[in-house]
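Beneath this line is the structure, given in structure tokens, with notes to follow.
Side chains included, hydrogens not; waters and symmetry mates left out as well; all remaining heavy atoms used. Ligands are counted one by one from 1 in listed order, and the atoms in each one are counted from 1 as well. Bear in mind that the values here come from a model prediction, so they are computed numbers and not experimental data.
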Amino acid sequence: MAAKHALPVLRWSSRVFSVELNGAPFYFALADRPEAEAPRLFGQLPRARRCFSLLLRSADRVHAARLHARLRDALLRELPPECRLAPMCSFLPEVRDSVLRGFFLQDGPDSPSPTPRLLEALAQQHALLLCSYTPDRENRHWTQHVWSLEGGTRVDVGTGLCVVCSEAPRCHPAALSMINSDVFRTFQDARDVLTECVAVLPEASSVLEHLPSRAPSSAPPAFPVLVVEGLDATGKTTLTESLRDALGAVLLRSPPQSLAPWRALFDREPPLLRRAFYAVGNYVTAEQAAQQAMKTPVVVDRFWHSTAAYAIATAVSGPPSGLPDPGSEVYRWPADLLRPSLVVLLTLDPEERRRRLRDRGQGKTEEERQLDHNQLFRLRVEEAYRRISGPPCIAVDASPSADQLLQQVLLLVRSRCCL
Ligand SMILES: Nc1nc2c(ncn2[C@H]2C[C@H](O)[C@@H](COP(=O)(O)OP(=O)(O)OP(=O)(O)O)O2)c(=O)[nH]1
Ligand SMILES: Nc1ncnc2c1ncn2[C@@H]1O[C@H](COP(=O)(O)OP(=O)(O)O)[C@@H](O)[C@H]1O
């Protein structure tokens, strides 16, 4: 039985809408009367092209997450090539979990296109909120009409409100719904997502079988637990293996080997499922680390910093200024997760990192490709890493030779962890 969650409140006249064009968010709101000028988003559109949006509103978060991904694929497949499609969301400023996610579409040239019929069919099939945006004769003011196509009939949900400019919110709307959808604050919260998705993803039950029944003890370990973090190709694998040899430590990774058979599957799932998978992986690794650290030092290659930093940086678009404010709850170390004795964050000049990635010659994950060609994403990951609070985290320049870096980190470990 899929868990039910509260349906986001509508209150159309209080909502703000965000459309991402070329990775940058454009915001607009609604009002009873037009303003002097239309929001830049509409002012930028080529003349008098029809615009629509589809918004998902579902009480079943797993269903909504997977439907969003399927809708994107269907729209990209079915829409005429000249139709522009952009990610969209609508939210009540400062109201958590008020976010509705969907797509903004700008129709092709004036020639009649299948867009309205296609959108009505999709909206009817999935009970989505369908919005149409129509300009006045001078193409100066735009009006939004909202339809809910429940039971095959058009129900006018939002009166014809005027589209007006809106200030950018204090932080990206994704921050309103990040906890327990991108970043999980407890083992149980992450585990619940996997439980909820068994009905649509049977492999999730195999993952659940490999999980502890409850969050493993997060009591401080007898021997140090050292975590090495950093972007891809900063030298984590090389350093962690050298630290293992130099310290006679046990080397662990997150996600752990026991979950490796399902990683590629969850990497293809929407963020809600993928981040829950990585989150529970950290708890399995934590349980192994706590056991091993009773008798020897432990080195871990990536842990919660990676999970939280990549999740936050993926959920937010645009520059790092859109990240949740420093000190936000989303950066805080989970109370039920083992706290490492020390986290070493490897930093590296982007060009040198790209060189090492090339030399390594391994295939790239989607995130590595993102890091490569999307500088803003890389900057968001790096900034999110820095904002995470909890265990002591030391940034170390990874550009020296592998051996020099090892010596530097050993000095750090010995001074900080009395090894
Ligand atoms: N380990 C781990 N990786 C994550 C997580 N969230 C996103 N990722 C991304 C980071 C990387 O782009 C990609 C691969 O991470 P891994 O370090 O596990 O694999 P690999 O050792 O091949 O990457 P590397 O280039 O060595 O950092 O997965 C997470 O929670 N844990
Ligand atoms: N300190 C270093 N100086 C130069 N090259 C390095 C150094 N550390 C690792 N490398 C090389 O860079 C590439 C990526 O290193 P790796 O340890 O796999 O990084 P990560 O695990 O962070 O992806 C590998 O080809 C590795 O041999």
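Using a 4.0 Å cutoff on heavy atoms, A279 does not count as a contact of ligand 1. Under a 4.0 Å heavy-atom criterion, E229 is not in contact with ligand 1. Judged by the shortest distance from any of its heavy atoms, R253 lies outside the 4.0 Å radius around the atoms of ligand 1.
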Validation: residues 338-347 side-chain donor-acceptor distances under 3.5 Å, sequence neighbours left out:
| from | atom 1 | to | atom 2 | distance (Å) |
| --- | --- | --- | --- | --- |
| S341 | OG | V225 | N | 2.8 |
| T347 | OG1 | V396 | O | 3.3 |

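Atoms of ligand 2 found under 4.0 Å from any heavy atom of G235, numbered from 1 in the order shown, are 8 (N), 9 (C), 15 (O), 16 (P), 17 (O), 19 (O), 20 (P), 22 (O). For ligand 1, the atoms sitting less than 4.0 Å from at least one non-hydrogen atom of S254 are 1 (N), 2 (C), 31 (N), numbered in the order shown with element in parentheses. Near S401, meaning under 4.0 Å from one of its heavy atoms, ligand 2 places the atoms 1 (N). Near A402, with a cut-off below 4.0 Å to any heavy atom, the atoms of ligand 2 are 1 (N), 2 (C). Interface atoms of ligand 1 facing A233, defined by a heavy-atom separation under 4.0 Å, are 25 (O). Less than 4.0 angstrom separates some heavy atom of R360 from each of these atoms of ligand 1: 24 (P), 25 (O), 26 (O). The atoms of ligand 1 that sit less than 4.0 Å from any heavy atom of T307 are 29 (C), 30 (O). With ligand atoms numbered from 1 in the order given, ligand 1 contributes 24 (P), 27 (O) to contacts under 4.0 Å with heavy atoms of K236. Under a 4.0 Å criterion applied to the non-hydrogen atoms of L231, ligand 2 contributes the atoms 22 (O). Within ligand 2, the atoms closer than 4.0 Å to a non-hydrogen atom of A233 are 14 (C), 19 (O), 20 (P), 22 (O), 23 (O), numbered from 1 in the order shown. Counting the atoms of ligand 1 from 1 in the order shown, those under 4.0 Å from a heavy atom of R275 are 6 (N), 7 (C). Against a heavy-atom cut-off of under 4.0 Å, P400 is close to the following atoms of ligand 2: 1 (N), 2 (C), 3 (N).
Any N or O atom pair closer than 3.5 Å counts here, and D232 shares no such pair with ligand 2. Taking any N or O of D301, backbone or side chain, none lies under 3.5 Å from an N or O belonging to ligand 1. Checking only distances, R355 never comes within under 3.5 Å of ligand 2, N or O to N or O. Considering backbone and side-chain N/O of T237, one or more are found under 3.5 Å from N/O of ligand 2. Between R360 and ligand 2, at least one pair of N/O atoms sits closer than 3.5 Å. Considering backbone and side-chain N/O atoms, S399 never comes within less than 3.5 Å of an N/O atom of ligand 2. For ligand 1, the polar-atom distance check finds no N/O of N282 at less than 3.5 Å from any of the ligand's N/O atoms.
Counting only non-hydrogen atoms, the option in R253, E229, K236 that gets closest to atom 22 (O) of ligand 2 is K236. For atom 14 (C) of ligand 1, the nearest non-hydrogen atom from the set R302, R353, R356, R263 belongs to R263. Evaluated by nearest non-hydrogen atom to atom 6 (C) of ligand 2, the leading choice among R356, E241, R358 is R356.
Salt-bridge formation is not detected for the pair D336/R185: no Lys NZ or Arg NE/NH1/NH2 atom is positioned less than 4.0 Å from an Asp or Glu carboxylate oxygen. For the pair R77 and D73, the salt-bridge criterion is not met [side-chain N within less than 4.0 Å of a carboxylate O]. Ion pairing between a basic and an acidic side chain is recognised when a charged N comes within 4.0 Å of a carboxylate O; R354 and E351 show such pairing. Salt-bridge check for E383 with R380: failed, with every basic side-chain N at 4.0 Å or more from each acidic carboxylate O. Salt bridge absent: D301 and K236 never bring a charged side-chain N and a carboxylate O closer than 4.0 Å. For the pair E120 and R117, the salt-bridge criterion is not met [side-chain N within less than 4.0 Å of a carboxylate O].
Checked against side-chain contact (heavy atoms from CB on, under 4.5 Å), E269 has the following partners two or more places apart in sequence or in another chain: R66, L201, L273.
Looking at P270 and H68, their side chains never come closer than 4.5 Å, going by heavy atoms from C-beta outward. Taking 4.5 Å as the limit, some side-chain heavy atom of S399 sits within range of a side-chain heavy atom of D397. Taking the side chain as every heavy atom from C-beta outward, V298 and L226 never approach each other to under 4.5 Å.
Using modelled atom types and a 3.5 Å distance limit, the side chains of T285 and Q288 yield no donor-acceptor pair.
With a 4.0 Å cut-off on non-hydrogen atoms, A311 does not touch ligand 1 at all.
No side-chain donor-acceptor contact under 3.5 Å links R253 to the backbone of R302. Counting only distance, with no hydrogens or angles, the side chain of D60 and the backbone of H63 share a donor-acceptor pair below 3.5 Å.
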Mind running salt bridge (charged side-chain N to carboxylate O under 4.0 Å, His left out) on E287 and R214 for me, showing each step along the way? CA-CA 10 Å; E287 186 176 53; R214 61 183 181 285; over 6 Å; no
